[in-house]
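Read the structure below first, then the notes.
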Amino acid sequence: MIVDGASPAAIEQAAGALAAGELVAFPTETVYGLGADASSDAAVAKIFAAKGRPSDHPLIVHVPDASAVALFASEVPAFAQKLMQAFWPGPLTLILPRRAQVAAAAAGGQGSIGLRCPAHPVAHALLLACAQAKPPVSGLAAPSANRFGRVSPTTAEHVRSEFGDALLVLDGGPCRVGIESTIVDCTRGVPVLLRPGVLTRPQVEAACGQPLHLPAEMEQEAPRASGTLESHYAPSARVRLMDAGSLQTALDVLGPDASGIAIYSRVIVVTRSDKVLRRRMPDDAGETARQLFAVLREFDAQGVGLIWVESPPDGPEWDGVRDRLQRASAA
Ligand code: TXA
Ligand code: MG
């Protein structure tokens, strides 16, 4: 059931359901999340079951503000503190050492915990109402509200199409950021970028005053992170990334017979077929991130078998979009 997230009664209803161990989907500025009381292993188990996600994949715990971090993390390095000050509330998740006995199921059994303070008025109102519930719910474990391996939802309607009408969904409108948060692992002494998002590498490095490392540069094995599986975020249609020239050549070769293909590109391609869907990719990386998952879902809904996407430009502001497209095309 989709309800208006701006309504105080809806927030009360959602907080009550969460305190009773139920699942509720809610909007964040990045994508919609499928939430449960992070401290209840039974409630968290419902998330894994609903998503069809392996239960050793850790979830992000959402908190109302930085003061709640101490409830879940045993230690916060100085550079992580700087990142929270610079970007919270906002699209940044920090992986921190987990307090023993706390949120074990949400953490997928790992000794670390992912924490994020989202910048969305509905998420914020919900987190506050949960913190005031009796007994209080001090954090919401919430992965993206899609079935495992699928494209993340950026509208309430997307969530309903994934899980049906029985799930309570707070509607907060279309997500402003559109791709999932940047994830920085803060458990290894230096900051390590696990997943790029809309915050650029130079921005993150400037805020913490240190270079950001990549998992491949680190000696220890990276923690399990489904968002970092090579093939992920995939629509049903096969996605291929190509430069503008190859896109046009492929259409020329198919000529009037081209069909079942959708094109998402900055260049305007020419085709002799009237059965090719075309949609223009914005020149701005942030705008592309905002619409990317909705565009992939729309192409899927129109039943195309192939989605051909022009490779995004180089440049750090495109890292998040490039990452999601590479994973979608690896499926
Ligand atoms: O923007 C977002 O981050 C959205 C919204 C709802 O906040 N959430 C989201 O959650 O994308 P999810 O579960 O789809 O992706 C979370 C990623 C996964 O790749 C997970 O493995 C990783 O975060 N993660 C969470 N806790 C971790 C931990 N302790 N160590 C390593 N990776 C972790
Ligand atoms: Mg996800």
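Owing to the predicted nature of the structure, the values given are computational and were not obtained by experimental measurement. Counting convention: from 1, in listed order, for ligands and their atoms alike.
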Inset, instruction - Ignoring angles and geometry beyond distance, decide whether Ser144 reaches within less than 3.5 Å of ligand 1 through its nitrogen or oxygen atoms. - result: yes

Inset, instruction - Mark up the atoms of ligand 1 that fall under 4.0 Å of a heavy atom belonging to Glu180, in ascending order. - result: 1 (O), 2 (C), 11 (O)

Legend entry - Where ligand 1 meets Leu59 - atom numbers and elements under 4.0 angstrom, heavy-atom basis: 25 (C), 26 (N)

Legend entry - Proximal atoms of ligand 1 relative to Arg195 (non-hydrogen, under 4.0 Å): 2 (C), 3 (O), 9 (C), 11 (O), 15 (O), 16 (C), 17 (C)

Legend entry - Polar side chain donor-acceptor pair, Thr28 to Arg116, under 3.5 angstrom: yes

Could you go through residues 88-105 and list every donor-acceptor pair under 3.5 Å that involves a side-chain atom there, pairing it with any protein atom two or more places apart or in another chain?
from: Trp88; atom 1: NE1; to: Leu92; atom 2: O; distance (Å): 2.9
from: Thr93; atom 1: OG1; to: Ser181; atom 2: OG; distance (Å): 2.8
from: Arg98; atom 1: NE; to: Gln110; atom 2: O; distance (Å): 2.9
from: Arg98; atom 1: NH1; to: Val102; atom 2: O; distance (Å): 2.8
from: Arg98; atom 1: NH2; to: Gln110; atom 2: O; distance (Å): 2.9
from: Arg99; atom 1: NH1; to: Ala70; atom 2: O; distance (Å): 3.2

Inset, instruction - Classify the side-chain pair Gln203/Thr200 by whether it contains a donor and acceptor separated by less than 3.5 Å. - result: yes

Inset, instruction - Check ligand 1 against Thr30 and write out every atom of the ligand that is under 4.0 Å from a heavy-atom position of the residue. - result: 1 (O), 2 (C), 4 (C), 5 (C)

Inset, instruction - Using a strict cut-off of 4.0 Å, indicate which atoms of ligand 1 neighbour a heavy atom of Ser181. - result: 1 (O), 2 (C), 3 (O)

Legend entry - Under 4.0 Å to a heavy atom of Arg53 - the qualifying atoms of ligand 1, by number: 12 (P), 13 (O), 14 (O), 18 (C), 20 (C)

Inset, instruction - Check whether the side chains of Ser7 and Asp4 place a donor and an acceptor atom closer than 3.5 Å, and report yes or no. - result: no

Inset, instruction - Say whether His62 and ligand 1 are in contact under the criterion: heavy-atom distance to a ligand atom below 4.0 Å. - result: yes

Legend entry - Region of Ile183 engaging ligand 1 - heavy atom pairs below 4.0 Å: side chain

Legend entry - Candidate pair Phe26 and His120, rule ring-ring contact (aromatic ring centres under 6.0 Å, His included), full reasoning: CA-CA 10 Å; Phe26 61 94; His120 190 291; 9.1 Å; no

Inset, instruction - Say whether Lys51, considering both its backbone and side-chain N or O atoms, lies within less than 3.5 Å of an N or O atom on ligand 1. - result: no

Legend entry - Qualifying residues under side-chain contact (heavy atoms from CB on, under 4.5 Å), relative to Cys130, sequence neighbours excluded: Ala15, Leu18, Leu126, Val137, Leu140

Legend entry - Residue Ser112 vicinity, atoms of ligand 1 by number, heavy atom under 4.0 Å: 28 (C), 29 (N), 30 (N)

Legend entry - Non-hydrogen atom of Arg116 closer than 4.0 Å to ligand 1: yes

Inset, instruction - Check the side chains of Ser152 and Glu180 for a donor-acceptor pair under 3.5 angstrom, ignoring hydrogens and angles. - result: yes

Legend entry - Presence of N, O or S from Ser144 under 2.8 Å of the Mg ion (ligand 2): yes

Inset, instruction - Determine the minimum heavy-atom distance between Ala258 and Leu251, stating which atoms define it. - result: CB-CD2, 4.5 Å

Legend entry - Residues Glu157 and Tyr32: side-chain donor-acceptor under 3.5 angstrom: no

